[in-house]
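To keep things clear, I will list the structure first and then write my remarks on it.
This is a predicted model, so every value here is computed, not measured.
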Amino acid sequence: MDADESCVLTINGGTVTINADGDGIDSNGYFYINGGTVYVEGPESNGNSALDYGISATITGGYFLSTGYSGMAQSFSSDSTQCSYMLTLSSNTSGTTTVTLTDAKVLLSHETSKSYNSIIVSCPELEVGSTYTLTAGDTSQSITPTSTVN
């Protein structure tokens, strides 16, 4: 669809859990997350994305964890002030798994029953230049954000 400047989706607080067959969060315009906690499971196809926007997706606060497929994956926009990280796995993960972001403690964790090969994480504790462990099921990988959007 065409980008539409009149479309705005904003999350300022609360907990939102999305189990999507198509796009998880979908704004043909702008998506803003300023606070709260958002979990997105799915989609299980390369023709959709866990995060889909037409103009920009900006995160300035809160917690965000999504799993989906990498075919049309989008991460947060460069105008975000909070760090985020998108990881594409070398193979699909299936079955019920837990995705966890840790440093010395658990920063973010969510269980999903859908298959995925793309993960997006963001939380206030995620900082440029620091190293974290992102675990997806039995697979763990060190990540080091190099900018607010990776």
(message) What verdict does the side-chain hydrogen bond (donor to acceptor under 3.5 Å, both in side chains) test give for Tyr69 and Ser115, after you've listed the backbone C-alpha separation in whole Å, the side-chain angles of each residue and the deciding distance to 0.1 Å?
(response) CA-CA 8 Å; Tyr69 273 72; Ser115 62; 2.9 Å; yes
(request) Identify the heavy atoms of Leu89 and Tyr116 that sit nearest to each other, and give their distance. (result) CD1-CE1, 3.8 Å
(message) Do Met72 and Leu51 have side chains that approach each other closer than 4.5 Å (heavy atoms only, starting at C-beta)?
(response) no
(message) Looking at every non-hydrogen atom in both residues, tell me the closest pair between Gly24 and Ile18 and how far apart they are.
(response) O-CG2, 3.8 Å
(message) Between Leu65 and Val99, is there a side-chain heavy-atom distance shorter than 4.5 Å?
(response) yes
(request) Side-chain contact test, heavy atoms from C-beta onward, threshold under 4.5 Å: evaluate it for Val38 versus Ile25 and give yes or no. (result) yes
(message) Nearest 0.5 Å, please: how far is CG in Asp4 from CG in Asn28?
(response) 6.5 Å
(message) Ignoring hydrogens and geometry beyond distance, is a side-chain donor-acceptor pair present between Tyr132 and Glu127 at under 3.5 Å?
(response) no
(request) Measure up the Tyr39 and His110 rings against each other and bin them: parallel (under 30°), tilted (30 to 60°), perpendicular (over 60°). (result) parallel
(request) Ignoring hydrogens and angles, state whether a donor on the side chain of Thr133 or Ser142 is under 3.5 Å from an acceptor on the partner side chain. (result) no
(request) Working to the nearest 0.5 Å, report the span between CD1 of Ile55 and OG of Ser27. (result) 7.5 Å
(request) Tell me yes or no: between the side chains of Glu41 and Thr67, is some donor less than 3.5 Å from an acceptor? (result) no
(message) Testing the 3.5 Å rule here: is there a donor-acceptor pair between the side chains of Thr10 and Tyr30?
(response) no
(request) With side chain to side chain contact (heavy atoms under 4.5 Å, CB included) as the test, would you mind laying out the steps for Thr146 and Val128 before giving the verdict? (result) CA-CA 5 Å; Thr146 57; Val128 172; 5.5 Å; no
(request) Examine the side chains of Asn34 and Asn12 and answer whether a donor and an acceptor come within less than 3.5 Å of each other. (result) yes
(message) Whether the Asn92 and Ser94 side chains hold a donor-acceptor pair (N or O, under 3.5 Å, no angle test) is what I'd like checked.
(response) no
(message) Would you compute the distance between atom CG of Asn19 and atom OG1 of Thr112 and round it to the nearest 0.5 angstrom?
(response) 7.0 Å
(message) Quick one, Thr148 and Phe76 - any side-chain contact, counting heavy atoms below 4.5 Å?
(response) no
(request) For residues Gln141 and Leu87, report the shortest heavy-atom separation together with the two atoms involved. (result) NE2-CD1, 3.5 Å
(message) Under a 3.5 Å distance rule, please check whether Ser147 uses its side chain to pair with a backbone N or O of Val149 as donor and acceptor.
(response) yes
(message) Would Thr60 and Thr81 count as a side-chain hydrogen bond (donor to acceptor under 3.5 Å, both in side chains) here? Give the steps.
(response) CA-CA 5 Å; Thr60 61; Thr81 58; 4.9 Å; no
(request) Establish whether Ile33 and Leu126 are linked, either directly or via other cluster members, by ILVMFWY side-chain heavy-atom contacts under 4.5 Å. (result) no
(request) Check whether the side chains of Asp23 and Ser49 place a donor and an acceptor atom closer than 3.5 Å, and report yes or no. (result) no
(message) When you group the ILVMFWY residues by side-chain heavy-atom contacts below 4.5 Å and let the links chain together, are Tyr85 and Tyr63 in the same group?
(response) yes
(request) Find out whether Cys123 and Leu101 are in side-chain contact, i.e. whether some heavy atom of one side chain is under 4.5 Å from a heavy atom of the other. (result) yes
(request) Would you check if Thr97 and Glu111 make a side-chain contact, meaning some heavy-atom pair closer than 4.5 Å? (result) no
(request) Kindly work out whether a path of hydrophobic side-chain contacts (I/L/V/M/F/W/Y, heavy atoms less than 4.5 Å apart) joins Leu134 to Met86. (result) no
(request) Decide side-chain hydrogen bond (donor to acceptor under 3.5 Å, both in side chains) for Ser122 and Gln82; before the verdict, give the C-alpha distance in whole Å, the side-chain angles of both, and the deciding distance to 0.1 Å. (result) CA-CA 7 Å; Ser122 182; Gln82 180 170 296; 2.9 Å; yes
(request) Quick one: closest heavy-atom pair of Thr100 and Ser109, and the distance? (result) OG1-OG, 3.2 Å
(request) Please determine, by modelled atom types, if Thr135 and Ser140 share a side-chain donor-acceptor pair under 3.5 angstrom. (result) yes
(message) Please check: side-chain N/O of Ser80 versus main-chain N/O of Ile59, any donor-acceptor pairing under 3.5 Å?
(response) yes
(message) I want to check something: taking the side chain as every heavy atom from C-beta on, are Tyr32 and Val8 in contact at a cut-off of under 4.5 Å?
(response) yes
(message) If you compare all heavy atoms of Asn117 against all heavy atoms of Ser91, which two are closest, and at what distance to 0.1 Å?
(response) CB-O, 4.0 Å
(message) Give me the atom names and distance for the closest heavy-atom approach of Ser77 to Tyr53.
(response) OG-OH, 3.6 Å
(message) I'd like to check Ser84 versus Asn150 (side-chain heavy atoms, cut-off strictly below 4.5 Å). Are they in contact?
(response) no
